Colleague: 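Got a structure for you, written out below as structure tokens; questions coming shortly.
The shown structure was predicted, so the numbers you read here are calculated from the model rather than taken from an experiment. Throughout, protein chains are lettered first and strands after them, A, B, ... in sequence-line order, and every chain is numbered starting at 1.
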Protein chains: 2
Amino acid sequence: MIRLEDVAKDSGFSRATVSRVINDESKVHPETAKLIKASMEKLGYRPNLIARALSSGRNNAVALLLPDVTTFYYTNLIRGAGDAAEDAHYHVITKSISKPNQAEELMNSNLVDGFIIRHSSFSERIDRLLKNCIKKKTPVVFIGKPFNEYTCPSIVVDNVGGARKMAHFFARNNYRRILFIGGRHDNLDSNDRKFGFRLGLQESGFPLQDLVEVEGDFSRERGYEIARTHLSDRSFDAVFAANDETAMGVLLYLNERSIRIPEEVSVAGFDDTFFAEYLWPPLTTIRQPMYDIGHIAMTQVLKMIGESSPNGNETILPTELIVRRSCKVQ
Amino acid sequence: MIRLEDVAKDSGFSRATVSRVINDESKVHPETAKLIKASMEKLGYRPNLIARALSSGRNNAVALLLPDVTTFYYTNLIRGAGDAAEDAHYHVITKSISKPNQAEELMNSNLVDGFIIRHSSFSERIDRLLKNCIKKKTPVVFIGKPFNEYTCPSIVVDNVGGARKMAHFFARNNYRRILFIGGRHDNLDSNDRKFGFRLGLQESGFPLQDLVEVEGDFSRERGYEIARTHLSDRSFDAVFAANDETAMGVLLYLNERSIRIPEEVSVAGFDDTFFAEYLWPPLTTIRQPMYDIGHIAMTQVLKMIGESSPNGNETILPTELIVRRSCKVQ
DNA sequence: GTGAAAGCGCTAACAG
DNA sequence: CTGTTAGCGCTTTCAC
């Protein structure tokens, strides 16, 4: 391993000067810098990031805490965050919050300069993590609806607006018997989507008492199950699932039973995940900008790390209605 | 921040002893350990992992380098690796190899103790990374077919065997006009699958000259495109796509054209990704144990990190035929 | 503009 | 079993 000291010896300058060349060239004579750079090049010097971190207190790493890393749902978010980090030469350590020790260990071990925390429902653990961050003045950005009590920047998508658009679309096409399949009752996204959907229906003059709402869990399996119990007798002519996965399960059931989509039942989802377009029939859904969410969140923490300013604002990202063949259009 | 030294002062023992309690309690008097632990608890001490890494030379982190982190294809692999790492209190830094600087920077900056590298085709960059690892004697495990020249442990799935099973299944059901859609010509997995498929057909007495093979790129879009150019005139009664995504595109095209699956065309894929079961019709495919791949690879590097033994063997994991309704069964 | 020297918080010989 | 003493490789005052 080539150390800073080796470069110093080789170039004839001190470690301090070499360090300066690496970190802030402006404070060093151009000629000196040139010589030192040549030396680094010659020896193939690479800074030891661990040593730098210990010495400087900056780790050039941020943690991205997700409910579950291992789901396709967050892939674009992760990509967005990664791209933003790369530009700043930061590393991203992605962890599932579901693994309790891991996330807290990370927080206590001085491995990262900041956190991005995604949550979809209130949880003690996340609450604790967050309090911890704030206590230590560690920069943290929320992805999702912020918990009331604290102030930290948050990035949210316009769930209400998206579902509202879907409601207007449903109403415009005269769907009469509508089934809404939500996520778990404590899922904040799902609840916002439900709220927006009801709002939109109401605005369109749809009699809300005719809307049937059931609780799901955002899974394909549950979507299938609910379709089985609610759609076999053709008592609905449209279903809005609060996420695409659930809709995927619904489509499977309907296809299995040869219930024609969208002639007999229109189906819509939320997310516009990568497979939505390739389902049969292609799924009408609400697109949310996952890549941007990740990118903006990362940009935000990096800014906070740089400036150490509190900056407690909320960024709301737009959603978009994507109409495909799973919905009957008049 | 509470440091080791604070615990030492508080408990009245030396830093060394406190360190021992943390790392290898066996060498310390039980009573002493108890006192020190109480002190740590009281002060809320958390080891600074950066300092530990610099001092010990071990980082308790391994890098997982994937062609593209941000695809659902690797989610289970990532999960498997993560679970294995967690048990050993290791962190995983997951990076896309496609980002050139990132991966090499990681390798040169002493941030990780070992590497897991997944590749699906030969590339200069991976070759360079690998040579680098070997030169530095950094533990590294391959996921995929090893490049000939080097020896490092590798984990591969039985692509040949899986595709062979599919061929037998095709032959058993008397498919006569078969289309094979591969990945890119240099994709090692795809080529093994093609090889196994041909092998299996041959074994079953299928006249290989009747097999039509086209090159795809593992994408849904390309699958759709190839279906459009090859399946519109019903000149095939079965297609085997070398991955599920391609099959997904094929299904979409056939459904759009109302070509009946499997009555007119049987379709099969490879991977058994999470959506395979939920496509229409549910997709016949070959399951590969992605979770296990990640878990075994991580276990393997951790072992190498512990023992610093070379250990140049190859692990081959089995694949399994999953028959679903996209294929006509006699 | 450059160098000397003091750490960052921890581990790891080496003594005792 | 426990303490002393050097560092790990880098950054960062503080002088010059």
Colleague: Side chain to side chain contact (heavy atoms under 4.5 Å, CB included) with A:Ile117: which of A:Val140, A:Val141, A:Ile143?
Modeller: A:Val140
Colleague: Just to be sure I understand the geometry, which residues of residues 29-38 of chain A put a non-hydrogen atom under 4.0 Å away from DNA chain C?
Modeller: A:His29, A:Thr32
Colleague: For residues 76-84 of chain B, which side-chain N or O atoms pair as donor and acceptor with protein atoms under 3.5 Å away, sequence neighbours left out?
Modeller:
{"unit_1": "B:Asn76", "atom_1": "OD1", "unit_2": "B:Arg79", "atom_2": "NH2", "d": "3.3"}
{"unit_1": "B:Arg79", "atom_1": "NE", "unit_2": "A:Thr70", "atom_2": "OG1", "d": "3.3"}
{"unit_1": "B:Arg79", "atom_1": "NH2", "unit_2": "A:Thr70", "atom_2": "O", "d": "3.3"}
{"unit_1": "B:Arg79", "atom_1": "NH2", "unit_2": "A:Thr70", "atom_2": "OG1", "d": "3.2"}
{"unit_1": "B:Asp83", "atom_1": "OD1", "unit_2": "A:Lys99", "atom_2": "NZ", "d": "2.4"}
{"unit_1": "B:Asp83", "atom_1": "OD2", "unit_2": "B:Tyr291", "atom_2": "OH", "d": "2.5"}

Colleague: Less than 4.5 Å apart, side chain to side chain, heavy atoms only: is that true for B:Asn60 and B:Leu49?
Modeller: no
Colleague: With a 6.0 Å cut-off (strictly less than), is the heavy-atom count around NZ of B:Lys136, excluding the residue itself, greater than 12?
Modeller: yes
Colleague: At the 4.0 Å heavy-atom cut-off to chain B, mark where contacts on DNA chain D begin and end, going 5' to 3'.
Modeller: D:dC1 to D:dG9
Colleague: Between the two ends of the helix from C:dG1-D:dC16 to C:dG16-D:dC1, what is the bend in degrees, rounded to 10 degrees, where each end axis spans five pairs?
Modeller: 30°
Colleague: Under 3.5 Å, is there a donor-acceptor pair between the side chain of A:Asn23 and the main chain of A:Ser19?
Modeller: yes
Colleague: Any sub-3.5 Å donor-acceptor pair from B:Asp68's side-chain atoms to B:Thr71's backbone N or O?
Modeller: no
Colleague: A:Asn23 near the nucleic acid: base, sugar-phosphate alone, or nothing, with a heavy-atom cut-off under 4.0 Å?
Modeller: sugar-phosphate
Colleague: Could you list where the contact with chain B starts and ends along DNA chain C, reading 5' to 3', using a 4.0 Å heavy-atom cut-off?
Modeller: C:dG9 to C:dA13
Colleague: Is there a donor-acceptor pair closer than 3.5 Å between any side-chain N or O of B:Thr32 and the backbone N or O of B:Val28?
Modeller: no
Colleague: Say whether, by atom type as modelled, one donor and one acceptor occur between the side chain of B:His119 and the main chain of B:Lys145 under 3.5 angstrom.
Modeller: yes
Colleague: Indicate the ring-plane relationship of A:Phe274 and B:Phe72, choosing parallel, tilted or perpendicular according to the 30° and 60° boundaries.
Modeller: parallel
Colleague: Could I get the full list of side chain to side chain contact (heavy atoms under 4.5 Å, CB included) partners for B:Arg46, not counting sequence neighbours?
Modeller: A:Asn108
Colleague: Can A:Leu66 and A:Ile116 be said to form a side chain to side chain contact (heavy atoms under 4.5 Å, CB included), step by step?
Modeller: CA-CA 8 Å; A:Leu66 303 172; A:Ile116 296 172; over 6 Å; no
Colleague: Quick one, which residues of residues 3-15 of chain A touch DNA chain D with a heavy atom under 4.0 Å?
Modeller: A:Arg3, A:Leu4, A:Arg15
Colleague: Kindly state each residue pair satisfying ring pair (Phe, Tyr, Trp, His ring centres under 6.0 Å) with at least one member in residues 73-94 of chain A, sequence neighbours excluded.
Modeller: none
Colleague: Where along residues 47-59 of chain B does a heavy atom come under 4.0 Å from DNA chain C, residue by residue in number order?
Modeller: B:Pro47, B:Asn48, B:Ala51, B:Arg52, B:Ser55, B:Ser56, B:Arg58
Colleague: So, the side chain of A:Ser39 versus the backbone of A:Leu35: is there a donor-acceptor pair under 3.5 Å, distance only?
Modeller: no
Colleague: Kindly state each residue pair satisfying salt bridge (charged side-chain N to carboxylate O under 4.0 Å, His left out) with at least one member in residues 110-122 of chain B, sequence neighbours excluded.
Modeller: B:Arg118-B:Asp189
Colleague: Going by side chain to side chain donor-acceptor pair (under 3.5 Å), name the pairs with one or both residues in residues 49-59 of chain A, residues two or more places apart or in two chains.
Modeller: none
Colleague: Does anything in residues 7-19 of chain B form a salt bridge (charged side-chain N to carboxylate O under 4.0 Å, His left out)? List the pairs, not counting sequence neighbours.
Modeller: B:Glu5-B:Lys9, B:Asp10-B:Lys42
Colleague: Between B:Asp158 and B:Leu317, is there a side-chain heavy-atom distance shorter than 4.5 Å?
Modeller: no
